[in-house]
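What follows is a set of notes on a single structure, which appears directly below.
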Protein chains: 2
Amino acid sequence: MNKEEQVMTELWELFNKKMWLDGYKLKNRLKGYNPSEVHCIEFIEENEDSNVTKLAESFYMTRSAISKLTKKLIEKGLIESYQKPENKKEIYFKLTKQGHGVYEVHEELHKEYQERDKAVFEQITEEQYNSMLCFTEKFNKHLDSEIKKLDVDVTSGWRDNL
Amino acid sequence: MNKEEQVMTELWELFNKKMWLDGYKLKNRLKGYNPSEVHCIEFIEENEDSNVTKLAESFYMTRSAISKLTKKLIEKGLIESYQKPENKKEIYFKLTKQGHGVYEVHEELHKEYQERDKAVFEQITEEQYNSMLCFTEKFNKHLDSEIKKLDVDVTSGWRDNL
DNA sequence: GCTTTTTTGTGTCCTTGTCAACAATAAATC
DNA sequence: GATTTATTGTTGACAAGGACACAAAAAAGC
């Protein structure tokens, strides 16, 4: 295996493990809420005037899926929707008090993850950080342009733009 | 945002994009097969005597899901199962000719991905590679030990070991 | 201004994966 | 060697998300 493959493989495993582990902790701490819901709450808190489309773009999911997810969050009383007088089409979301409670717990959890992984990051030198950031930035830009080339809406079904 | 968060965030985005993009290409090239199926075929080809449990562990999925996936692959004529005379419990899988055809196409696709992303990897110095591999290896080992601490079976439902 | 196109959100059907319970076999314990 | 425990794979009910089609509103073109 060449180094390129090796890096990608290791990153793949890393992500699977971290997602599994974080999800496991989350389900134990926030019973009744799954990672998607919490992730959604996090985004709404941190991005003003978020709507179905913005959430879908950010999560690389369909608008359909987000529409159902937000509906459920409204029913659970975690978020509420609002509109602006000048636009009758777009529907925005914000957290309720209860939703904010979930957000806070998740923030704590996030700190716990960092604490848990501190041992790893402490060993990373400034230079190594820069190497990685250099790599991730380049790769992200590259993928953005490749996705753009397709001229496809990331938030809709496959055939929409074929 | 500190560097640690920055790295993780960028890696997260990178993976979402790459998975979306590769999945998109795959669905166009191998119509009728989805990423899970192809991923499964790939693993079976590259790991002798793979069974439901090994697949589940590797994919961080439940045995239940893999059981259904392999069943479908058998029905589609892409893989076949076999047993060993000394063990009546474990069921192993291998590819059929048709399955091997799919494997080959996926290999080509994989090379295309590499070709597509070559521009990024060419800019990475040997030293930067080593930095990243150092990081991923440490992190992977760390996560392995954290998962092991829980003493939970990754391939079964959440409550099995609680 | 009126028509056409795009954007935004939703509903229905279908696929995929989890959860939980289960049977069959193997391994461990006594 | 018999009994208990763990492993392996399967199934059915359910939940999450995608595919597709649609209506309503906004934006663009004329």
Side-chain angles (χ1 to χ4, degrees), chain A residues 16 19-20 23-24 26-27 31-40 49-57 59-76 81-93 151-162, chain B residues 16 19-20 23-24 26-28 31-40 49-57 59-76 79 81-93 151-162:
Chain A
N16 273 330
M19 281 205 303
W20 189 91
Y24 182 86
L26 185 85
K27 287 187 192 179
K31 308 246 184 201
Y33 308 103
N34 63 35
S36 290
E37 292 171 335
V38 177
H39 194 192
C40 193
D49 291 343
S50 37
N51 57 10
V52 167
T53 300
K54 282 181 201 160
L55 282 159
E57 278 170 0
F59 294 179
Y60 284 74
M61 281 168 59
T62 59
R63 293 199 310 272
S64 173
I66 301 292
S67 178
K68 289 162 196 165
L69 186 51
T70 50
K71 189 182 175 186
K72 195 171 60 173
L73 290 174
I74 290 173
E75 283 165 3
K76 285 188 176 183
S81 62
Y82 63 93
Q83 289 190 289
K84 296 187 177 182
E86 70 272 19
N87 190 319
K88 294 177 184 174
K89 191 168 65 165
E90 298 185 0
I91 300 169
Y92 308 99
F93 304 109
D151 194 28
V152 169
D153 181 358
V154 202
T155 69
S156 55
W158 294 99
R159 301 189 186 291
D160 265 35
N161 303 54
L162 292 180
Chain B
N16 273 330
M19 282 206 301
W20 188 92
Y24 183 87
L26 185 85
K27 287 187 191 178
N28 276 317
K31 308 245 183 201
Y33 309 103
N34 62 35
S36 290
E37 293 173 334
V38 177
H39 193 191
C40 193
D49 291 344
S50 36
N51 57 10
V52 167
T53 300
K54 282 181 203 161
L55 282 159
E57 279 171 0
F59 294 0
Y60 284 75
M61 282 167 61
T62 59
R63 293 200 308 276
S64 173
I66 301 294
S67 179
K68 287 165 191 169
L69 185 52
T70 51
K71 190 181 175 186
K72 195 171 62 172
L73 289 174
I74 290 173
E75 283 165 1
K76 284 190 175 181
I79 66 173
S81 62
Y82 63 93
Q83 289 190 289
K84 295 187 178 182
E86 69 272 21
N87 191 318
K88 293 177 185 176
K89 191 168 63 164
E90 299 185 0
I91 300 168
Y92 308 100
F93 303 109
D151 194 28
V152 170
D153 183 356
V154 202
T155 69
S156 54
W158 295 99
R159 303 188 183 291
D160 265 36
N161 302 56
L162 291 181

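Naming convention: chains lettered A, B, ... in sequence-line order (proteins, then strands); numbering from 1 in each chain. Just so you know, these numbers use all the heavy atoms, side chains as well, and skip hydrogens, waters and symmetry mates.
In this structure, Asp49(B) atom CG and dG9(D) atom P are separated by 12 Å, rounded to whole Å. Computed from coordinates, the Asn51(A) CG to dA24(D) C1' distance equals 16 Å when rounded to whole Å. Residue Leu73(B) contributes atom CG, which lies 10 Å from atom P of dT16(C) at whole-angstrom precision. Residue Met61(B) contributes atom CE, which lies 17 Å from atom P of dT15(C) at whole-angstrom precision. Per the geometry, CG belonging to Leu55(B) stands 13 Å off P belonging to dT18(C), to the nearest Å. Between the CZ atom of Phe59(B) and the P atom of dG17(C) there is a distance of 10 Å, given to the nearest Å. Computed from coordinates, the Tyr92(B) OH to dG9(D) P distance equals 8 Å when rounded to whole Å. If you measure from atom CG of Leu69(B) to atom P of dT11(D), you get 14 Å, rounded to the nearest angstrom.
For Ser67(B), the side-chain atoms get nearest to dT10(D) when compared with the rest of dT10(D), dT8(D), dT18(C). The listed nucleotides are dT8(C), dT16(C), dG18(D); the one nearest the side chain of Asn34(B) is dT16(C). Closest approach to the Ile91(A) side chain among dT10(D), dT10(C), dT8(D) is made by dT10(C) (side chain taken as heavy atoms from C-beta onward). In the set dT10(C), dT8(C), dT11(D), dT11(D) carries the atom at the smallest distance from any side-chain atom of Lys68(B). Here the nucleotide nearest the side chain of Val52(A), chosen from dT12(C), dG17(D), dG9(C), is dG9(C).
Using a 4.0 Å heavy-atom distance criterion, Lys71(A) is classed as a sugar-phosphate-only contact. At a threshold of 4.0 angstrom between heavy atoms, the contacts of Lys72(B) are confined to the sugar-phosphate backbone, with no base atom among them. Counting any heavy atom pair closer than 4.0 Å across all strands shown, Ala65(A) reaches sugar-phosphate atoms only and no base atom.
Nearest-nucleotide mapping onto DNA chain D: of Glu37(A) and Glu90(A), the residue sitting toward the 5' end is Glu37(A). The 5' end of DNA chain C is approached more closely, in terms of each residue's nearest nucleotide, by Ser36(B) than by the other of Asn87(B) and Ser36(B). If you find the closest nucleotide of DNA chain D to Lys89(B) and to Ile66(A), the one lying nearer the 5' end belongs to Lys89(B).
Atom OG of Ser36(A) is separated from atom CG of Leu73(A) by 9.5 Å, given to the nearest 0.5 angstrom. To the nearest 0.5 Å, atoms OG1 (Thr70(B)) and CD1 (Ile91(B)) are separated by 8.5 Å. The line from OG of Ser50(B) to OH of Tyr92(B) is 10.0 Å long, rounded to the nearest 0.5 Å.
One N or O on the side chain of Lys76(A) and one on the backbone of Gly32(A) form a donor-acceptor pair closer than 3.5 Å.
A close approach under 4.0 Å does not occur between any side-chain nitrogen or oxygen of Ser64(B) and OP1 or OP2 of dT10(D). Contact between the side-chain N/O atoms of Thr53(A) and the OP1/OP2 oxygens of dT7(C) is not found at any separation under 4.0 Å.
Glu37(A) and Lys72(A) are joined by a salt bridge, as a carboxylate oxygen and a charged side-chain nitrogen come within less than 4.0 angstrom of each other.
Using a 4.5 Å heavy-atom threshold, the side chains of Tyr33(A) and Leu26(A) count as separate.
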